[in-house]
Amino acid sequence: MTKYLISFPSEAMVLTDAEFPIVSADAHAVIEEAKAAGVYVFGGGIAEQVAPVLVSADGSVSAEIYPGSELTGGFTVLELPSREDAVEWARKIAAACRCAQELREFMYDPAS
């Protein structure tokens, strides 16, 4: 089984205040479906009010992160038997969140 990252940047989700609770309920329903199917690994949203830092091998911490390395929005990690299954789950999440999702595959690492 392969792990997949399904995600979207925060600016992709454009909702009115009235739509937000409906979309939230729909998104949580898809996550509950993934949990019931036994494919859910982890998910959540990036706490954008907390600034990222870069931690070096020597332990030093810098407020300057890698150029172009901006991560916002929400993500879900699912463990699935095929890319086709991952596309189907990404479709379900896109429908629930009312925005397109990016799909990425994690490389296999037998030690993880």
Side-chain angles (χ1 to χ4, degrees):
M1 296 262 274
T2 302
K3 291 180 179 71
Y4 293 89
L5 174 67
I6 301 170
S7 63
F8 63 93
S10 58
E11 62 270 10
M13 187 181 273
V14 180
L15 304 171
T16 66
D17 289 343
E19 293 170 314
F20 190 79
I22 298 163
V23 171
S24 180
D26 289 351
H28 287 123
V30 173
I31 295 305
E32 288 304 315
E33 181 183 351
K35 288 177 179 179
V39 299
Y40 182 82
V41 176
F42 182 79
I46 300 297
E48 295 176 36
Q49 70 278 11
V50 180
V53 296
L54 186 67
V55 180
S56 298
D58 65 5
S60 62
V61 178
S62 170
E64 294 185 31
I65 59 173
Y66 289 113
S69 176
E70 183 178 333
L71 181 60
T72 65
F75 62 93
T76 304
V77 177
L78 301 179
E79 189 168 31
L80 300 160
S82 71
R83 185 164 183 89
E84 292 77 21
D85 290 318
V87 168
E88 179 58 23
W89 280 102
R91 184 202 60 74
K92 290 179 184 186
I93 293 171
C97 292
R98 312 316 195 262
C99 65
Q101 302 291 304
E102 296 177 345
L103 176 64
R104 291 181 173 81
E105 184 174 317
F106 285 96
M107 293 185 299
Y108 176 71
D109 179 357
S112 67

side-chain contact (heavy atoms from CB on, under 4.5 Å) assessment of Arg83 paired with Leu103: CA-CA 9 Å; Arg83 185 164 183 89; Leu103 176 64; 4.2 Å; yes
Verdict with reasoning, Val23 to Met13, per side-chain contact (heavy atoms from CB on, under 4.5 Å): CA-CA 10 Å; Val23 171; Met13 187 181 273; 4.2 Å; yes
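For the atom pair Glu70 CD and Ile65 CD1, the distance stands at 7.5 Å (nearest 0.5 Å). The line from CD of Glu105 to OG1 of Thr2 is 5.0 Å long, rounded to the nearest 0.5 Å.
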N/O donor-acceptor pairs under 3.5 Å from side chains in residues 39-57, not counting sequence neighbours:
{"unit_1": "Tyr40", "atom_1": "OH", "unit_2": "Gly43", "atom_2": "N", "d": "3.0"}
{"unit_1": "Glu48", "atom_1": "OE1", "unit_2": "Ser10", "atom_2": "OG", "d": "3.3"}
{"unit_1": "Glu48", "atom_1": "OE2", "unit_2": "Ser10", "atom_2": "OG", "d": "3.1"}
{"unit_1": "Glu48", "atom_1": "OE2", "unit_2": "Gly73", "atom_2": "N", "d": "3.1"}

Could you pull out all donor-acceptor pairs under 3.5 Å where a side-chain atom in residues 92-100 meets a protein atom, sequence neighbours excluded?
{"unit_1": "Lys92", "atom_1": "NZ", "unit_2": "Glu33", "atom_2": "OE2", "d": "2.6"}
{"unit_1": "Arg98", "atom_1": "NH1", "unit_2": "Asp26", "atom_2": "OD2", "d": "2.9"}
{"unit_1": "Arg98", "atom_1": "NH1", "unit_2": "Ala95", "atom_2": "O", "d": "3.4"}
{"unit_1": "Arg98", "atom_1": "NH1", "unit_2": "Ala96", "atom_2": "O", "d": "2.6"}
{"unit_1": "Arg98", "atom_1": "NH2", "unit_2": "Asp26", "atom_2": "OD2", "d": "2.8"}

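Cluster annotation: Phe106 is connected to Leu71 through the hydrophobic network of ILVMFWY side chains, with a link wherever side-chain heavy atoms come within less than 4.5 Å. Connection of Ile31 to Val87 is established within a shared hydrophobic cluster, with ILVMFWY side chains joined at heavy-atom distances below 4.5 Å, either directly or through further cluster members. Side-chain heavy atoms closer than 4.5 Å link hydrophobic residues (I, L, V, M, F, W, Y) into clusters, and following such links, even through other members, never connects Phe75 to Trp89.
Considering every non-hydrogen atom in both Leu80 and Ala86, the closest pair reads CD1-CA, 3.4 Å.
Atom CD of Glu19 has more than 12 heavy atoms from other residues, nucleotides or ligands within 6.0 Å. Heavy-atom contacts from other residues, nucleotides or ligands closer than 6.0 Å to CD of Glu11 number more than 12. For Asp58, the CG atom is densely surrounded, since the number of other residues' heavy atoms within 6.0 Å is greater than 12.
Using a 4.5 Å cut-off on side-chain heavy atoms (C-beta onward), Arg104 and Ser7 make contact.
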